[in-house]
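The chains referred to below are lettered A, B, ... by the order of the sequence lines, with proteins before strands, and numbering in each begins at 1.
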Amino acid sequence: MHDINAIRNDPEAFDAGLEKRKLEAQSAVLLAKDDARRAAIAVAQEFQTQRNQASKKIGQAKGQGDDAEAQRLLEEVAGLKDSLQQAEETERGLSQELHDMLAGLPNTLMDDVPLGADESDNVELRKHGTPKPGEKEHFEIGEALGMDFETAAALSGARFVVLRDQLARLERALGNFMLDLHVQEFGYTEMSVPVLVRDAAMFGTNQLPKFSEDMFRTHEGFWLTSTSEITLTNTVREQITKAEDLPIRLTAQTQCFRSEAGSAGRDTRGMIRLHQFSKVELVSIVDAQSGEAELERKVQCAEEVLKRLGLAYRVVQLCSGDVGFGARKTYDLEVWLPGQNTYREISSVSYCGDFQGRRMNARYRDEGEKSTQFVHTLNGSGLAVGRTLVAVLENYVTADGAITIPDVLLPYMGGQKTIEPKT
RNA sequence: GGAGAGGUGGCUGAGUGGUUUAAAGCGGCGGUCUUGAAAACCGUUGAGCGUUUGCGCGUUCCGGGGGUUCGAAUCCCUCCCUCUCCGCCA
């Protein structure tokens, strides 16, 4: 959500921001709408003033028992009501139109976001670890270990998975390891949150109104959350937080639900792209000054998970054509998958500025200050648990098809050192 | 699912169509007094929007939205939330 006042102050900068996203200039049409809106407000308020004054006089006249005077005043304002209602309706309509226009435009990119058309123009910033060779993809390895797509298909259809036995435990171990790391070493507060939410929450983190196709909806009108960014970020909605309580760092492991509309044919095999998957999310609510530093910090939190698991990865900065709707700047972590012989996204860490804060009406107030500012928000995966499981399988498979458990997971696996294939 | 009661400022809590610009208390902030503090006393006290160089003026907000009325915290419709009893249930 953009600030119309900021656009009014510097329309050229706003249009330049849109251009970086390959969008046409919008400031002229936005400002024209805003002028009309403000004119309508002035008209409506003038009628309201007249009405309030007249009503007060009528009240006074009646209070003094002067019915004749009251009647005379009543006739005097007879025509006011229609005019007022019409003016208010006009104002409501224009405000709604402006709001919808502003809500439909993506966030402006930070200056250091590289220009580019799509993901092929993303910039690799650094690599960590040595990519291993490998022949088998995770679904080939997993078959003998309890990764069961057939049963999942019988239950739910394509793009679901059933994990059995030690593979189920490994998934749980990964999630627990990640949560413990972020809570104990990085100061995040663990949260348990709903996965069904209302429209307003979805609007706050910009899934609505533009991306409703990407999500599932219950027939009662709830949305299944596609990421716990939604619930964690919206915990501060419609509140004024004390500046001293910032930053707020929250983490949760939840199931995430995505319709994958438009992804037909991509990653159809295996558990890279599912309708339901587990993810540990990292959300930060910060003040206006701390956003960029927090972005760097959050990337390191996510990287640390990969480092400790001994997985090779690289960090890429998304180019202007690939940064998501609500973000100002995004880093992706891509883990090395030997079976695919390539790096695949396993985390995406974004700084959103006050874009979501505005949509949620989430503000903070500095000590002693009277005025409030919108909170700045960040989110990132820390990590996608399903894809991490994939990475562990492909990187830790032995010649005989067993999985060597990474050291950091041993406490979470009851000391079990390997997962052996069932013959 | 059935029956009922509610939602008022940071908090408690009055207010059932017009001097309500939302009473009063608590809390917070400022001041007087005091060596200092407490107490007492006095003053002050929210969120937006529009307009203005500024002081200010106007306007909206009593859970959300809509309506009736010259006028709505108050009446009507609708949605949300909380609580009580019953039923069901992990």
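The side chain of A:Gln45 lies closest to B:U59 when the candidates are B:G48, B:U59, B:G71. Listed candidates were B:C49, B:A47, B:G18. Nearest to the side chain of A:Ile41 is B:C49.
Between B:A14 and B:G67, the two P atoms lie 31 Å apart (nearest whole Å). With both ends at atom P, the span from B:C57 to B:A38 equals 34 Å, rounded to whole Å.
For the pair A:Ile4 and A:Leu84, both in contact range of RNA chain B, the more 5′-proximal nearest nucleotide belongs to A:Ile4. Annotation: of the two residues near RNA chain B, A:Arg37 and A:Phe222, the 5′-most nearest-nucleotide partner is A:Arg37.
Phosphate proximity of B:U59 to A:Asn52: present, with a side-chain N or O under 4.0 Å from OP1 or OP2. The side chain of A:Arg92 contributes no N or O atom lying less than 4.0 Å from OP1 or OP2 of B:G65. Between A:Arg198 and B:C81 there is a side-chain N or O to OP1 or OP2 distance below 4.0 Å. Between A:Thr372 and B:G48, a side-chain N or O to OP1/OP2 separation shorter than 4.0 Å is present. The shortest distance between the side-chain N/O atoms of A:Arg38 and the OP1/OP2 oxygens of B:U51 is below 4.0 Å.
The pair A:Asp267-A:Arg159 fails the salt-bridge criterion, with no side-chain N (NZ, NE, NH1 or NH2) lying under 4.0 Å from an Asp/Glu carboxylate O.
Between the side chains of A:Gln356 and A:Thr377, a donor-acceptor pair is found at a separation under 3.5 Å.
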ask   = Which is it for A:Asp214 and A:Arg258 under the salt bridge (charged side-chain N to carboxylate O under 4.0 Å, His left out) test, yes or no, and what are the steps along the way?
value = CA-CA 6 Å; A:Asp214 297 339; A:Arg258 298 188 180 176; over 6 Å; no
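Heavy-atom neighbours of A:Gln289 CD from other residues, nucleotides or ligands within 6.0 Å: above the threshold of 12.
A:Gln48 comes within 4.0 angstrom of sugar-phosphate atoms only, judged by non-hydrogen atoms across all strands, and of no base. In this structure, A:Gln85 reaches the sugar-phosphate backbone alone: every heavy-atom distance under 4.0 Å involves primed, P, OP1 or OP2 atoms, never a base.
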